[in-house]
Amino acid sequence: MPEPHAGDVAATFCATLVDEWVRHGVTRAVVAPGSRSTPMALALLADPRVAVSVHHDERSAGFVALGVGIATGLPAVVLTTSGTATAELHAAVVEAHHAEVPVLVCTADRPPELHGVGAPQTIDQTNLYGSAVRAFYDPGVPDGRDSADWRHLARSALDAALGSPPGPVQVNLAFTEPLVGAPGPLPDVDGSTTAGAGGCEPDTAEVALVADAARFARGVIVAGGGIARPADVLALAARLGWPVIADPRSGCRVEHPCVVAHVDALLRDPPTATRLNPEVVLRLGDLPASKVLGRWLDDIDGARQIGVTTYGTRFDPGRSLDVLIAGEPGALCAAVTGQLESPSDSGERGWLATWRVADDAAAQAIAATVDAAGEPSEPAVARTVVASAPRGVTLVVSSSMPIRDVEWYSAPRSDLGVRANRGANGIDGVVSTALGMALASSDPVVVLIGDVAALHDSTALVGLPARGVDLTVVVVDNDGGGIFSFLPQSAALDARSFEVLFGTPHGVDLVGLAAAHGISAAILRTTDELATFVSGAIPGSGARVGVVHTERATNVEVHDAVHASVADALRSAPTGE
Ligand SMILES: Cc1ncc(C[n+]2csc(CCOP(=O)(O)OP(=O)(O)O)c2C)c(N)n1
Ligand SMILES: [Mg+2]
């Protein structure tokens, strides 16, 4: 029998993997150009059930795939050629690992005989991403005799990506030349189903443990990212008369009597921080960005702290949790509500009222201070973007100051999904992540991002107008890293050293940069202009960039003024008790 044509075998192998992935829900592929990846690139493009987007920069491509996984809960395939191209994906793989987002990472490779002999574009890709992947597969060059295993390989990789927790998986694909071939008949489908992502179920003892803690009047719920059923969290809070410290990513930051939106400002005021000390803390999902909140949680004396995360992942850098429960936080709250005997009596309402009065006073002080300034300050930008985004939009917020400003100052909103790459808190890949989300959903996406983060991911802009997405990017341009002005380095160093190493002005014209990519871009000079711009993020609005200029030094003053006004307001507000 003649040897099968290597190109045809590779084509059939790749078509089989793609078919198996598509049969189990994969619909998107993100491909970066290169030769060695040809068999898989052609298989993805040939399958009409797969939407393929092509990106020159693999680093950006990795984050686009991450965004697809965030938006859909299903992995995108991201494909690169061999060599350094594969290493460019590492940042997105690390973020996907920590954020528990599924991604199928396909790295093309040279065959074994070309390793260690100086062949071009050949590096050791074995376990390239270390412990950041759920699984690593290296099936070797397909030769046709192994075809009975192909579907199994595809399904194991998908199961690992959708495991508990979900995450990235590397499938290293070695191909020999010729790289172009025609697929033959695919191996038969074996009919088995995929495991799918399932969280852990809290057991009855864990539900009872939380229900027992719910006997305390002075309880607090801290809701971070990673809550699938926020309504159940709010229902438990309402039943117990407990405040919910609601991170914008939690889905709980809605207009609701239990929701506390300005905890960072409240806890900066020491008498208030002491007055609000709870007996029990229920920490749901990951942690909000506020350091002030984190420190307060770590320093609370004698309070019982119970953590609940879908996959039992620990978010507890201060080691203050007494118990960690694995289970979807909303589902756990619903189970606990079901176990409670009678509605709380009104005596417990004093506790919630204390928080309500404080948070309302803070909200008013923030609004008065921030909205009083004519020029758009950075807190005003965050407030305006959150308030003006049209219904149904997803807001993607970058580290570093944007996520904090949204968390600290924005008013609650019931109809706005907020996302941020907080797995590893990188400022990289933010626009690309948002692009992936926009590609995978029909709703517009708005990004709030600093200038350094925007520049870091500027290759996300390549070809953007032709991608058919509604992506509105608001860049807060303070010509450098504004967050560092809040850190001890700023006081400890001489002004010149600080500016060189941390301020890092770059002087790039971001409107010009966007325009060079064919994107409609404008400077936004007032909060009104910003509000109009953001409210234009509607279906069909396309790719748009708006730049708001601010100053790093002034920004520190604005933050200080806001916190001072909150402290004043808290001193004159009734205590609520
Ligand atoms: C990939 C990555 N590199 C570096 C950092 C460290 N870092 C944190 S914030 C920051 C500056 C961010 O500046 P910008 O995006 O303009 O936001 P601003 O602080 O001005 O709000 C840097 C470099 C990081 N978090 N991630
Ligand atoms: Mg900046």
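Note that ligands are numbered from 1 as they come in the structure, with each ligand's atoms numbered from 1 the same way. If you're wondering where the values come from, they're calculated on a predicted model, not measured in any experiment.
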Trainee: If you count the atoms of ligand 1 from 1 in the order shown, which ones are under 4.0 Å from a heavy atom of Gly481?
Mentor: 11 (C), 13 (O), 19 (O), 20 (O)
Trainee: Could you verify whether a donor N or O on one side chain and an acceptor N or O on the other, from His55 and Ser53, lie under 3.5 Å apart?
Mentor: yes
Trainee: In terms of side-chain heavy atoms, does Thr107 have a donor or acceptor partner in Thr86 at a distance below 3.5 Å?
Mentor: no
Trainee: Tell me, which protein residue and heavy-atom name are nearest atom 25 (N) of ligand 1, and how many Å apart are they?
Mentor: Asn425 O, 3.3 Å
Trainee: Between Asp286 and Arg249, is there a side-chain N and carboxylate O pair less than 4.0 Å apart?
Mentor: yes
Trainee: So that I can tick it off, tell me whether Arg283 and Asp316 are bridged by a salt bridge, with the cut-off set at under 4.0 angstrom between side-chain N and carboxylate O.
Mentor: yes
Trainee: Among protein heavy atoms, which lies nearest atom 19 (O) of ligand 1, and at what distance?
Mentor: Ser400 OG, 2.7 Å
Trainee: Could you tell me whether the Mg ion (ligand 2) has an N, O or S atom of Met401 under 2.8 Å away?
Mentor: no
Trainee: Identify which one of Glu100, Gln170, His97 satisfies the side chain to side chain donor-acceptor pair (under 3.5 Å) criterion when paired with Arg134.
Mentor: His97
Trainee: Quick check: does Asp451 put an N/O/S atom under 2.8 Å from the Mg ion (ligand 2)?
Mentor: yes
Trainee: Please list, in number order, the atoms of ligand 1 under 4.0 Å from a heavy atom of Pro402.
Mentor: 21 (O)
Trainee: So which protein heavy atom does atom 15 (O) of ligand 1 come closest to, and at what separation?
Mentor: Ala453 N, 2.9 Å
Trainee: For Tyr129 and His90, run ring pair (Phe, Tyr, Trp, His ring centres under 6.0 Å): C-alpha distance rounded to whole Å, both residues' side-chain angles, the deciding distance at 0.1 Å, then the answer.
Mentor: CA-CA 6 Å; Tyr129 309 112; His90 206 144; 5.2 Å; yes
Trainee: How far is atom 7 (N) of ligand 1 from its nearest protein heavy atom, and which residue and atom name does that atom have?
Mentor: Phe484 CZ, 3.8 Å
Trainee: With a 6.0 Å cut-off (strictly less than), is the heavy-atom count around NE2 of His56, excluding the residue itself, greater than 12?
Mentor: no
Trainee: Tell me, yes or no, whether the heavy-atom count around Glu529 atom CD, taken from other residues, nucleotides or ligands under 6.0 Å, exceeds 12.
Mentor: yes
Trainee: So, is Asp451 polar-close to ligand 1, with some N/O to N/O distance under 3.5 Å?
Mentor: yes
Trainee: Could you identify the single nearest non-hydrogen protein atom to atom 23 (C) of ligand 1 and state the distance to 0.1 Å?
Mentor: Ile427 CD1, 3.7 Å
Trainee: Report yes or no: does Ser398 have a heavy atom closer than 4.0 Å to ligand 1?
Mentor: no
Trainee: Need the ligand 1 atom indices (1-based, order shown) with element for anything under 4.0 Å from a heavy-atom of Met401.
Mentor: 21 (O)
Trainee: Please tell me whether Asn425 and Ser399 have a donor and an acceptor in their side chains that are separated by less than 3.5 angstrom.
Mentor: no
Trainee: Can Glu378 and Arg552 be counted as an ion pair, charged N to O under 4.0 angstrom?
Mentor: no
Trainee: For Gly480, is the nearest heavy atom under 4.0 Å from an atom of ligand 1?
Mentor: yes
Trainee: In terms of residue, atom name and distance, what is the protein heavy atom nearest to atom 13 (O) of ligand 1?
Mentor: Val452 CB, 3.3 Å
Trainee: Just checking: Gly482, one of its N/O/S atoms, less than 2.8 Å away from the Mg ion (ligand 2), yes or no?
Mentor: no
Trainee: I want to know if ligand 1 touches His456 in the polar sense, i.e. an N/O pair below 3.5 angstrom.
Mentor: no
Trainee: So does Asp371 pair up with Arg383, basic N to acidic O under 4.0 Å?
Mentor: yes
Trainee: Considering Ala454, Gly426, Gly450, Gly482 one by one, which has a heavy atom nearer to atom 18 (P) of ligand 1 than any of the others?
Mentor: Gly482
